[in-house]
Amino acid sequence: MRLVFGRHLVEIDGSFPQVGTLAFGIVDRGTNVVEVRPTTVCALSCVFCSVNAGPGSRVRWVEYVVDVGALLVALEEVVRFKGVDDVEVHIDGMGDPGNYPALAELVAGAKAIRGVALVSMQTRLFMLGEEGLRALASAGLDRLNVSIDALDPELAKRLAGAPWYNVERVVELVKKALDLGINVVVSPVWIPGLNDGEMAKIARWAAEAGLGRGLTPVLIQKYVPHKRGRKVKVRPMGWGEFWRRLRELERETGVPLVPRPGEFNIHRAPELPKPYKVGEVVSVEVVERGIFKGEVLAVPVAKRGTAVWDRTLTVAVGRGAEELLGARVKVRILENEHNIYIAAPVGRRLPPQAHYSGE
Ligand code: SF4
């Protein structure tokens with residue numbers, strides 16, 4: 001078993017249903033954008049990380065990397081189910097997909113699926129050298145959403161929780177990606193009191209460097225503290241204040257920061273069926289640790305052999321979770337929003353921190 005940051009790196013093969021968890025595989029939120037999550041590994045420890053990734057995490061007890069063949073078989077089924085011809089495959093996850101060893105293969109495989117119009121990816125980019133970018137361009141990657149929270153090198157290191165993080169190199173790699181024909185938009189997280197001064201700088205740089213190519217070049221994200229995420233001691237902005245300040249920044253910089261309706265061509269598209277209702281009791285086999293301590297992954301005993309119906313469930317156990325590995329148990333479904341399943345063993349009390357969807 002390989003270790004990453006002292007945690008087991010679990011290889012997720014075709015025996016795991018690829019739909020059902022936020023940690024890996026495929027997330028379908030009922031639009032033409034299909035999220036593909038190949039790995040949870042990330043080398044940074046951003047101080048605001050909503051998914052508590054990286055070496056600084058104290059709440060994870062495992063990391064995942066998905067077999068590219070298993071991921072592509074499931075993706076093809078999901079895209080076929082959607083039945084539209086303008087699917088955007090967006091590669092992201094509870095880690096940085098730039099660390100995925102089979103990234104170019106994943107991009108090329110996704111591009112080859114009938115119905116897929118575009119492949120995009122969220123990343124911090126630094127781990128992809130020029131060669132990596134060239135491979136992604138040849139594989140047909142259309143757009144990179146690059147996370148940059150500060151252009152000031154020292155502040156960027158502080159926010160990334162990594163003294164070695166070099167934002168100047170990331171800026172160079174953005175230029176390289178544009179030269180290779182990959183469009184780039186930048187998506188900073190705005191943390192009030194920490195990087196306010198950086199937003200206008202990032203907007204001006206993005207416009208000057210030609211990011212977006214007709215799309216809004218900067219997609220600023222509001223800092224939202226998450227239950228399981230790392231939190232910063234600041235007062236988060238309300239949504240009203242956030243939108244008002246974005247409009248002010250647009251006026252100040254002359255750079256568009258709010259996408260026009262329809263600009264990214266996101267629309268409703270058939271959502272995968274939900275095989276289990278909230279409250280339903282399901283017989284499962286516990287197959288692996290879940291990403292956070294106290295959780296396990298479970299697969300229903302009755303499977304159909306298709307990504308359209310099969311699900312991996314996250315079971316919130318709390319203390320003694322590891323004792324369930326390999327066992328057959330009954331679990332009750334607690335949440336099933338967007339086919340992300342959270343369950344609890346029947347007859348056990350739910351640990352207080354269990355509420356996971358939406359990250
Ligand atoms: S915010 Fe992204 S890059 Fe930063 S630690 Fe979390 S997953 Fe990694």
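All values below were derived from every heavy atom in this structure, side-chain atoms included, with hydrogens, water molecules and symmetry-related copies excluded. Worth saying up front: this structure is predicted, and the values here are computed from it rather than measured. Atoms within a ligand are numbered from 1 in the order they appear, just like the ligands themselves.
- The protein atom (non-hydrogen) at minimum distance from atom 2 (Fe) of ligand 1 is Arg124 NE, 4.4 Å.
- Salt bridge absent: Glu172 and Lys176 never bring a charged side-chain N and a carboxylate O closer than 4.0 Å.
- Near Arg230, with a cut-off below 4.0 Å to any heavy atom, the atoms of ligand 1 are 5 (S).
- Every atom of ligand 1 with a heavy atom of Leu44 under 4.0 Å away is listed here by number and element: 5 (S).
- Contact check on Arg134 versus Glu131 returns no salt bridge, with no Lys/Arg side-chain nitrogen under 4.0 Å from an Asp/Glu carboxylate oxygen.
- In this structure, Asp96 falls outside the shell of residues with a heavy atom less than 4.0 angstrom from ligand 1.
- The nearest protein atom to atom 7 (S) of ligand 1, hydrogens excluded, is given as Ala53 CB, 3.8 Å; this is a heavy-atom distance.
- In summary, the aromatic rings of Phe126 and Trp164 are positioned with their centroids under 6.0 Å apart.
- Taking a cutoff of 4.0 Å between a charged side-chain nitrogen and a carboxylate oxygen, Arg204 and Glu208 do not qualify as a salt bridge.
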**Report entry** Verdict with supporting geometry, Glu250 and Arg247, salt bridge (Lys or Arg N to Asp or Glu O under 4.0 Å)
**Finding:** CA-CA 5 Å; Glu250 278 188 330; Arg247 291 290 183 201; 2.9 Å; yes

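- Of all the atoms in ligand 1, the ones that sit under 4.0 Å from a non-hydrogen atom of Cys46 are 1 (S), 3 (S), 4 (Fe), 5 (S).
- Atom 8 (Fe) of ligand 1 has Cys42 SG, 2.3 Å as its closest protein atom, hydrogens excluded (heavy atom only).
- For Glu295 and Arg228, the salt-bridge test passes: some basic side-chain N is under 4.0 Å from an acidic carboxylate O.
- Distance from atom 6 (Fe) of ligand 1 to its nearest protein heavy atom, with residue and atom name: Cys49 SG, 2.3 Å.
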